[in-house]
Trainee: 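Sharing a structure below in structure tokens format, with a few things to ask.
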Amino acid sequence: MNIEKGRCLGLVGESGCGKSTLGRMISGMERPDTGSVLLDGLDIYNKPSREIRALRREIQIVFQDSMASVDPRMNADAIISEPLINFYGLKGQCLDDRVSELLDMVCLPDGDKTKYPFQFSGGQLQRVCIARALASEPSFIVLDEPLSSLDVSVQAQILNLLSDVKKATDVSYLLISHDLEAVYYLSDSICVMYAGMVMESIEDIGDFYKLKHPYSLKLLSLRGKCGADSTDIENVSDSEDRIKGCPYYSRCPKHSEQCKNALPSLEKIEEGHYIRCYNY
Amino acid sequence: MEPVLEVKDLNISLKEGCNTYKAVENVSFSIGKGQTLGIIGESGSGKSLTCMAILGLLPADVWDYDAEIVLNGKSLPFRDNKAMRGYRGTDIALIMQNPMSAFNPVMTIKRHFEETLAAHKNWNKNQIKAAALEMLSQMRIKNPETVYNSYPFQCSGGMLQRIMIALAVIMEPSVLIADEPTTALDLTVQFEIIKLINQMRKKYNTSVVIVSHDLNVIAGIADEIAVMYSGFIVEQAPAEEVLNSPLHPYTAGLFRSRPSYSKERLSEISGQPLSLKQRNSMCMFSERCPLKGEGCSNFEMLAHKVSDDHFVRCCAKEMTKTSA
């Protein structure tokens, strides 16, 4: 996959499908076995660790669980100052002003500087995390489920905030989420993952309704209506049977013999639309 | 219809030194048999406090609370921890938000069932096992026997949530409180859990209080919706009415702020809810309200009845009603 400057790729899939691992690899936290991650054409893993450290300024990440991603003994001021001190060596009044500016950007009052993580609500703390990510003026931000711990009214604020920041700073995003509506709102292209593989990808979000993979369709059908009355509840077991073929085989409504025996490859079916399925 | 659970004038305040701060005010609701009440609200609005108060689980040295809670015609002794033990699990069961932390990590699923059932029923281990396995397979767990003997960390979040529902409904409680049952779960799993809760409700005719901030979850399951904001129920009505014609500006704003497959800028509710210490005698929502008028600054959050089963706490609505 590739993400252009100032654009956002939405990555959708359920937990355990490898979305977050991919996000961590892209942000330089988890070394891939094979393959490479290029930032501005440079391989971020094929470098001495000192240079990788400098790259951290360019790639930032916002995690799902804001409470777990901050030091509980640091106040908001210290949390946001840390990248400013590390990367820019700011101090004194300069540092103070920049922190205020960042807090203002994420719509938090200046007085929140002295607050500690436990004094914030989940939504407020997530803003602090976003402010921290923005502090180093990165060119790329990995957003790992940034909305799922937030309230609906706050989600809208954060989505608008992220969209404003993208327009203002030309930063690129990888938005990892299971909320398709949010992904549609913020992203320019979309990728559907299942069991560690890209199942379908669309380069132009305008073609969203062309999503065809049975798994994408399942995700689409879930949003918006909950259907509590239907009785077709999926069975779960503690161990999935591993098969050679398509990993979605056992849950797929359209599965055939072919799917069981061989893994379909990611085929291009039209310009900017790739799919991994025999029977779409 | 005779209500199963009735909460009257629930007030909860936080004690801090010699000050008290009101966290939940005048919350009253009742649920009929087999009915589902959905409570929506943002974090800090008092949803979970309300649930915990019903179960008598708020520590008395931190929270000061007062209410009349009536279960099946009898008043609940929520101040008396010992007496409440007889109700928890048997009459009122709780499904918690995070299935990963709700289980004891060093106890097998089997021990969890044994602990719960031994506390309330005089069953031997074989009876418990039979009942548990039956319940687990009702939860659509393919291999209940293996799961029964496994530890919580060996199960996925969705599976643990199913086990938690099994543990909650195995005593056939008359009220099931589900506090954000799907928040920690995947989208695909979320709806399975909602379906299961709904199925159990129908089967045992249980009344369900479901708390969530996810509108989709509430919309799918609730018969009646209560919208909470800053400790007040600001709007309460049958689900259809709230979803189709929300009256309170907060409710309406909440529905508008959901992205719905469009690139148009989301209309957000600006600002933040007041913190506990900022609350005063004005309308709690007035700072963020698009309909803010003069009456808002000394509005005492009185309930305004729109119809028999629909009320709103908003003075703007009151004004339009009286002028109309």
Side-chain angles (χ1 to χ4, degrees), chain A residues 12-17 107-109 119 121-124 148-161 163-164 177-188 205-206 208-209 215 218-239 251, chain B residues 40-45 139-143 146-147 150 154-159 162 183-192 194-199 213-221 250 253-273 275 288:
Chain A
V12 197
E14 56 192 35
S15 46
C17 78
C107 310
L108 285 177
Q119 291 168 306
S121 71
Q124 289 168 325
S148 53
S149 60
L150 304 179
D151 286 314
V152 179
S153 64
V154 184
Q155 283 183 7
Q157 293 174 3
I158 299 281
L159 276 173
N160 281 342
L161 171 74
S163 151
D164 290 343
S177 179
H178 59 244
D179 185 344
L180 275 172
E181 283 162 315
V183 167
Y184 184 89
Y185 175 70
L186 196 62
S187 306
D188 302 298
I205 197 77
F208 189 71
Y209 288 96
Y215 181 62
K218 174 161 170 86
L219 288 177
L220 274 177
S221 71
L222 288 170
R223 249 304 159 215
K225 52 173 189 285
C226 165
D229 283 331
S230 57
T231 47
D232 53 326
I233 299 169
E234 262 181 45
N235 290 313
V236 290
S237 85
D238 60 343
S239 59
R251 294 169 67 186
Chain B
I40 318 180
E42 37 199 298
S43 28
S45 63
M139 288 298 140
R140 303 294 192 100
I141 290 173
K142 259 186 211 161
N143 36 5
T146 334
V147 171
S150 55
Q154 292 167 313
C155 305
S156 68
M159 188 135 51
R162 286 176 194 229
T183 311
L185 303 173
D186 261 333
L187 188 63
T188 47
V189 182
Q190 278 186 11
F191 294 105
E192 305 296 320
I194 293 298
K195 283 185 212 164
L196 276 172
I197 292 178
N198 206 33
Q199 206 178 51
H213 63 248
D214 191 334
L215 298 172
N216 288 314
V217 167
I218 296 283
I221 191 173
Y250 173 66
L254 208 57
F255 291 146
R256 272 201 306 270
S257 64
R258 273 299 302 158
S260 57
Y261 297 126
S262 84
K263 284 278 185 189
E264 266 173 58
R265 195 176 170 78
L266 300 169
S267 73
E268 54 185 79
I269 306 175
S270 57
Q272 296 160 43
S275 76
R288 305 171 75 187

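By convention in this document, chain letters (A, B, ...) are assigned in the order of the sequence lines, proteins followed by strands, and residues within each chain are numbered from 1. Because the structure is predicted, anything quoted here is derived from the model rather than measured.
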Trainee: Please give me the minimum heavy-atom distance between A/L186 and B/K263, naming the atom from each residue.
Mentor: C-NZ, 3.9 Å
Trainee: Considering non-hydrogen atoms only, spot the tightest contact between A/N160 and B/E268 and give its length.
Mentor: ND2-OE1, 2.7 Å
Trainee: Which bit of A/Q155 comes within less than 4.5 Å of chain B, counting heavy atoms only: side chain, backbone, both or neither?
Mentor: side chain
Trainee: Could you work out, with ring pair (Phe, Tyr, Trp, His ring centres under 6.0 Å) as the rule, every residue matching A/Y184, not counting sequence neighbours?
Mentor: A/F208, B/Y261
Trainee: Can you measure from CD1 (B/I269) to CD (A/Q157) and round to the nearest 0.5 angstrom?
Mentor: 8.0 Å
Trainee: Is A/S177 in contact with chain B via its backbone, its side chain, both, or neither, using a 4.5 Å heavy-atom distance?
Mentor: neither
Trainee: Output all residues satisfying side-chain hydrogen bond (donor to acceptor under 3.5 Å, both in side chains) with B/R256, sequence neighbours left out; order by chain, then residue number.
Mentor: none
